[in-house]
Structure formats: C-alpha cells, structure tokens
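This report refers to the structure that appears directly beneath it.
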Amino acid sequence: MTILVSSWFVNAQTKYETEMTKALTSFKEAQSPDDMEKAAQHFDRIAKVETQNWLPLYYSIFIRTLNAFSQEKSKAIKTVDELETKYQLLDELAPDNSEVLTLRGLFRTVKVAKDPETYGMPLSGAIIKDYDDALKIDSKNPRALYLMAQYNMGGAEFWGKDPKEYCPQIERAKALFEVENKENFEPGWGEQQVDEILNSTCKN
C-alpha cells in the first residue's frame, strides 16, 4: 500500500508540474488578449484540481490583471470587480503572503489607471498599503518594491514631487531581481519592467 500511495503522489506531482509548465509557456508565448485569457483558463483548470495550492489561482488573477490594463474602462473595472471575488479565495489559500498582497495592489491599480477621478483618492492609500504590507512580510520582494515606486512616480506630479525621487527604490528592486532565486513556479516576473523604468524615468 505504501508503495502504491508513494507512486500515486509522484505521478500527481508530475501531472501538476507538467500542466503548470504548459500554462506558463502559453502565457509567455501569448500574442493577444485572447491568448492570455486561454492561458488564464488553463490555470483555472489546474486550480480546480489543486484546491489547496495558491499558485494556479494567483496566475489566473495575474494574467487577467494584465489583460485589464489593455481593456476599455467599463470592461476593465468589471474585470477587477470579478478579480476581487477570486482574490478572497486566494487570500484564504495563502494568508499573509507577500506575493498575494502585491497582486492585489496591482489589480487595484487598474481602476486608478482607467478612472483616476473616481478611484484615485479612495484606492491610492489601499494600494500603497498593499505594497507596504507585502514588504513588511518580505523586504526582499522586488515586485512589491518596484510597483510601489512606480505607483508613486505616477502620482508624483499631482503631489508636486519629482518622479526621480523614487528611482533609488527602482534601483534596489533591480538589485533584488539580480539575486532572486525562485523555485516551484513561484512568481518571478517584473525585471523587464524595472529595466524599462531605469531606461526612461530614471535615465540620467
């Protein structure tokens, strides 16, 4: 019996790894919003099987967040409202998780980007708190660090500040990316975006 159980466990792990690899590959190779949605749906299917694993649901929400940034305003806001519901389950699966809090800050940013007059004031504090709380849990999370700096850069003009004030945080995020070692499908995205900021806003 022990041998059978052990064999089943190994096969189950292999199936999970195979499907996660396929889904991540589909995401990376996506050429359109429809391609990205198909990748998100693949993660949804994995999540239905891996009910105690937070990563498939995380990527499902992450991909749809990226898609929302390219949608027109009303559709994007509807997407984020739907993601808020999914997030509740994700938070239950991985409470006090730095990557999960960072993800919430990111998809909340969609509303501010699409309708700043409506959502800028009520959501900005919550978004910064998500990133700040994420960094309190893991001070070496480069995604939380750069996204918080990027968000502050976006509002710098409104507050009468120079966006370059936040470049040291972007530079630190870059340094953290260079030493980051993610395993088992843990989130590792963001370095390309940091390079873009360093080569634009933070370029001397």
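By convention here, the first residue in the shown sequence is residue 1. Predicted, not measured: the structure shown is a model, and the values here were computed from it.
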Query raised in the report: What class does the angle between the rings of Y59 and F62 fall in, given that below 30° is parallel, 30 to 60° is tilted and above 60° is perpendicular?
Result: perpendicular
Requested in this report: Using the six-membered ring wherever Trp is involved, compare the ring planes of Y146 and W189 and label them parallel, tilted or perpendicular (cut-offs 30° and 60°).
Outcome: perpendicular
Smallest separation among heavy atoms of [X] and [Y], with atom names:
X    : Y    : answer
Y131 : G105 : OH-C, 3.1 Å
Q169 : A149 : OE1-CB, 3.6 Å
V112 : Y119 : CG2-O, 3.7 Å
L135 : N141 : CD2-O, 3.6 Å
T79  : A68  : CG2-CB, 4.0 Å
W54  : L90  : O-CD1, 3.4 Å

Taking [X] for the side chain and [Y] for the main chain, is one N or O donor matched with an acceptor at less than 3.5 Å?
X    : Y    : value
Q31  : E29  : yes
D132 : I128 : no
K114 : I77  : no
S70  : N67  : yes
S60  : P56  : no
N53  : L55  : yes
N97  : V100 : yes
E180 : K182 : no

Does the side chain of [X] reach to within under 4.5 Å of the side chain of [Y], using non-hydrogen atoms?
X    : Y    : answer
L57  : E50  : no
L198 : E196 : no
Y166 : Q150 : no
D115 : E117 : yes

Is [Y] paired with [X] through a side-chain N to carboxylate O contact shorter than 4.0 Å?
X    : Y    : result
K86  : D44  : yes
E171 : K174 : no
R104 : D91  : no
R143 : D138 : no

Measure the [atom1]-[atom2] distance between [X] and [Y] for me, rounded to the nearest 0.5 Å.
X    : Y    : atom1 : atom2 : value
M36  : S26  : CE    : OG    : 12.0 Å
K136 : S139 : NZ    : OG    : 12.5 Å
H42  : E19  : NE2   : CD    : 4.0 Å
E183 : N181 : CD    : CG    : 5.0 Å
L83  : Q88  : CG    : CD    : 11.5 Å
L145 : T102 : CG    : OG1   : 10.0 Å

Report task. Could you give me the CA-CA distance, side-chain angles and deciding distance for E17 and M20, then say whether side chain to side chain contact (heavy atoms under 4.5 Å, CB included) is met? Result -> CA-CA 5 Å; E17 292 170 359; M20 285 291 286; 5.8 Å; no
Report task. Can you spot which of E37, E82, Q71, Q41 makes a side chain to side chain donor-acceptor pair (under 3.5 Å) with R64? Result -> E37
Query - More than 12 heavy atoms from other groups under 6.0 Å of NZ on K75 - result: no
Query raised in the report: Stepwise, does the side chain to side chain contact (heavy atoms under 4.5 Å, CB included) test hold for I61 with L103?
Result: CA-CA 8 Å; I61 294 174; L103 180 59; 3.6 Å; yes
Requested in this report: Examine F69 and Y151 and state if one hydrophobic cluster contains both, with Ile, Leu, Val, Met, Phe, Trp and Tyr joined whenever side-chain heavy atoms are less than 4.5 Å apart.
Outcome: yes
Query raised in the report: For the hydrophobic clusters of this structure (ILVMFWY residues joined by side-chain heavy atoms under 4.5 Å, transitively), does one cluster hold both L24 and V49?
Result: no
Query - Partners meeting salt bridge (charged side-chain N to carboxylate O under 4.0 Å, His left out) with E84 (sequence neighbours left out) - result: R108
Report task. Could you please spell out the steps behind the side chain to side chain contact (heavy atoms under 4.5 Å, CB included) verdict for Y16 and F185? Result -> CA-CA 11 Å; Y16 164 71; F185 307 111; 4.0 Å; yes
Requested in this report: Starting from the C-alpha separation in whole Å, work towards a yes-or-no answer on side chain to side chain contact (heavy atoms under 4.5 Å, CB included) for K73 and K111.
Outcome: CA-CA 8 Å; K73 183 170 74 172; K111 285 187 172 182; over 6 Å; no
Query raised in the report: Do Y87 and F107 have ring centroids that are under 6.0 Å from one another?
Result: yes
Query raised in the report: Who pairs with K203 by side-chain contact (heavy atoms from CB on, under 4.5 Å), at least two apart in sequence or on another chain?
Result: none
Report task. Hey, could you give me each pair passing disulfide bond (SG atoms under 2.5 Å apart) that has a residue in residues 70-174? Not counting sequence neighbours. Result -> C167-C202
